Engineer: 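Can you keep this structure in mind? I'll have questions shortly.
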Amino acid sequence: MSTTSVMGGIVRRKEDPSLIQGKGIYVDDKKLHGELAAVFVRSPFAAATITSIDASAARALEGVHAVYTAADVRHLGPTLAQVAVGTLRPLLADGVVKHVGEAVAMVVADDRYVAQDGADLVYVDYDPGQAVVDLKEAFSDAVKVHADQSNTLLTWNGNAWWEGVIDLPDPSPGIQESKLRDDAVVVSLEMINQRLIPTAIEPRAVIAHWSAGYGSVELWSSSQIPHAVAGAVATTFGIPSNKVRVIAPEVGGGFGVKLNVYPDEILTCFASRELERPVRWTETRREAAYSSIQGRGWIGTATITGTRDGTILGYELEAICDMGAYTHNFTVAIPLLGLFVASGQYDIPTSYKLHCVVTNTMTTDAYRGAGRPEAAYYLERIIDAFSRKIGMDPADVRKANFHPPEAFPVQTAIGLTMDTGNYAVNLDSLLERVGYEDLKAKRDAARSEGRLLGIGLSTYVEVCGFGPSGLAGLGFSWAGYGLPTAFNGSGVVRVQPDGTCTVTIGTGPSGQGHETTWAQIVSDGLGIPMENIEVQHGDSLDSPMGVGTFGSRSIAVDGTATFEATQRVKAKAALIAGHLLEAASEDILFADDGAHVAGSPDRAVSWGEIATAAYQPHTLPEGMEGGLEASAMFSPSNATWPFGSHMALVEVDPQTGDVDLLEYWATDDCGNVINPMIVDGQIHGGIAQGVAQALFEEAIYDSDGNFLTGTMIDYALPAAESLPMFQLDRTVTPTDVNPLGVKGIGEAGTIGSAQTVVNAVVDALAHLGVEHIDMPLRPKRVWQAIQDARG
Amino acid sequence: MNITESFMVDRSITEVWNLFKDVPEVARCLPGAELTEDHGDGTFAGALAVNLGPISSSFTGEATVTTNDDNFRMEIVGKGVDRSGGSQGRVTVEVTLLNSDSDSTDVRIDAHVTLAGPIAQFGRTGLVAEVSKRLINDFAECLHAKLSAVSVEESSKIQAGEVKGFSLLFAGLWTWIQNLFRRGPASSD
């Protein structure tokens, strides 16, 4: 008997055997006859005028086919962006450069080595200007990044943008009045949420093939959003979208860095059209660090006004958010995503002011969590500081301010509606599993021996599963790329004539296990064994009209679409099986690679027999159309709102400042779970990236705008040995916005973890007088904080 | 990055000033520097080789020297490009001479160095800054020695030691390590 999965069961990932044997196909594995290679000449200056470009020596080099500069591509316009607030990135720097690493020229040659040699021969003369890197300096507008244009692109303060789309909340609901109360306690901290590099194992890579004969272009790109890239290519070149095919094959990690349209994707198409040869570009590790998007980069002040019984009367957040020099996909919308969850799990008046400010640095955009880890960090750090100030247990303060379960659906501070939540149950479950009281006793006992143990707690709310079609007007669409589709989910389920099944979906996974999870959904519905189901994705022409994989959206939206398509196929298959078995279709059950009549397992047909009948219409019931496939598009009524509680135990070495992360517990709630192993894997990776922000990673520009962390020697990624075993558990509070009850889990770990670790370290040092240390909490910084506190 | 060096020599301000105006002689004090052409109008072509561990840079470029006899001030504005490595450097050096007394002179050197490209991105440890400081420091020491020499002949023999990157690198590294263990607020980490 073949095995069929049941949703909710652990099923080993179908995609792993090919991936772990190195037999998956990535962009760099796709070889085309006659292909050329491109290398970019990039600016060494953060702010400069280009006074001349001399490419004559490069052009003269044997094997170089072309050197392109702004003059060649200016007519194509800038690199398109979805949320086009700010200055869009030129395809190649046009007269000025605004950050180190900006592409100035593209050299196309026989191979990559010749192209690099050619690039070294392109002489660009720069007249350097003053770079603006410091966020407060940028906010002051003393020096402009873009001439005659304020460095502040936009301030999210409750009256920007969404006017007329959702109800505007009171921007500061009674908080200032609360501060005047006699019993008011006000706690405020300025904190930095530092810049990070979203490091994927596979750097970005493209190969473009423009067919002069067909007037069409095929682009392979390591992208999370192949449909959007296709839209951008079509719009940029003024050709119909059905003349562009973008394929994202295996993608070796994304984390948001591949959720963008980049100049190289356009320029390789351009060069291929000009030279009538396929053109490839593969990113170097340094380019991955400084010329693909970075994430985070906020400096902000969080303030809580409350009373000594733990009641929070108001939460205020004002931050300057670093956009970098140019606007990419969502750039200014990333802080907005943070605002969506600014109040976290709490029923507290919330006021916010987020300034989106440009600097002479690489663009920031979505990095795993995208605004939500930043928001959770400020909120959960200041709640901890408030708890300490009033001498209450941080868990009790949190519980005192939770939205109760009966309050759902809950209206958030900025007027969105949270679907479902059961916060106190989730937190209590964590505290009980951890043995919170014993853990505190252990910490206190260690402290009396002079050891610095600390416990950190954080809760979080994520908003994901984008999204509702109604948000298209807020930028949740690909209209910026000439593809005016809302963030719908899509799926096509086809049973082949031999009874196997092909599923094509509109996502663009980069390691999330969609091939397995989606096969489980279909297998569960149809009873077709997992091994007979192929899931295909990432092809803008062959996949259904899709949106891509980002923002923890795939399962809630595209997963639901596949579920719906499965139900449609099942309904037709039941009619066919009923006809073949001479039974009523409503009595047909699907299991074990076939169908049988309820109560009579012997009256059965295989999927092969059902499919054969479907493709030989003369054997079907009178009037039934042949074939056995269905498509579905799903537009959810709301986003989904996963949540959870995380806890960490750390020990700080008072002599060296080294932080040892001893234990990490997480109790997450992402609604129903289809594959617990894959969900746990997503949480593992998310926590690792959050812990990495807390302890290790920091992208650094010096005051001249030089990028100092362009190698893995200078940019500290965590290794497995840096992390403890994560102890995971979950509560299950299904959403009511999709029939699967699933919410999404891709970013939750990242959103919950950085502040959990920082809270733990500060807890270990608070009795010495340490109130806050900015991330990353490397030994030197922690040691310094201990020294400073001791005076 | 700004680097300041100062020293005092037992020579009259005129003697010191005359040495500074002899640009080829001064250039010999800059480790790794080579003057290739004197355009005669205060502009010079030259090269500067620096080896920093894995990065070996050879900057070629131009420098413009302006002198003011009235107040014994000199400004050198240099710009160099390492065409093979893609690094660029700009430096402005201001030399100011002050009479201590009739027999001795205070020399003050203010350098503003802007580096871009791989050499500026080499490590976040402040190593490049330390090496730049070391360069200027050696420059000042060499000038000091030249100016202190008992005879012209002896003075002209003095020049910067050949820059094998290693000595610079280790000197820079040593300063950096010392800074690391200095108590008090860190300048960078």
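In what follows, chains carry the letters A, B, and so on, assigned in the order in which the sequence lines appear, proteins first and then strands, with residues in each chain numbered from 1. What's counted below: heavy atoms across the whole structure, side chains too, no hydrogens, waters or symmetry copies. Since the model is a prediction, treat every value here as computed from it, not as a measurement.
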Engineer: Do other residues, nucleotides or ligands put more than 12 heavy atoms under 6.0 Å from the CZ atom of Arg108(B)?
Structural biologist: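 No, not enclosed.
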Engineer: Which residues, numbered in order, of residues 44-59 of chain A come under 4.5 angstrom of chain B by heavy-atom distance?
Structural biologist: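 Within residues 44-59 of chain A, near chain B: Pro44(A), Phe45(A).
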Engineer: Donor-acceptor check, side chain of Asp704(A) to backbone of Leu115(B), threshold 3.5 angstrom: yes or no?
Structural biologist: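 No; judged by distance alone, with no hydrogens or angles, the pair does not exist.
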Engineer: Looking only at heavy atoms, which of residues 127-136 of chain A get nearer than 4.5 Å to chain B?
Structural biologist: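 Heavy-atom contacts from residues 127-136 of chain A to chain B are Asp127(A), Pro128(A).
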Engineer: With Thr36(B), which residues qualify under side-chain contact (heavy atoms from CB on, under 4.5 Å), at least two apart?
Structural biologist: Glu34(B), Ala45(B)
Engineer: Quick one: closest heavy-atom pair of Lys79(B) and Tyr126(A), and the distance?
Structural biologist: NZ-O, 4.4 Å
Engineer: Can you list every pair that meets salt bridge (Lys or Arg N to Asp or Glu O under 4.0 Å) and has a residue in residues 12-23 of chain B, with sequence neighbours left out?
Structural biologist: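 Only Arg11(B)-Glu15(B), Lys21(B)-Asp69(B) qualify under salt bridge (Lys or Arg N to Asp or Glu O under 4.0 Å).
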Engineer: Take atom CD in Glu190(A); do more than 12 heavy atoms of anything else shown fall under 6.0 Å from it?
Structural biologist: yes
Engineer: Can you tell me which portion of Val124(A) sits under 4.5 Å from chain B's heavy atoms? Options are side chain, backbone, both or neither.
Structural biologist: backbone
Engineer: Give, as side chain, backbone, both or neither, the part of Asp125(A) having an atom under 4.5 angstrom from any heavy atom of chain B.
Structural biologist: side chain
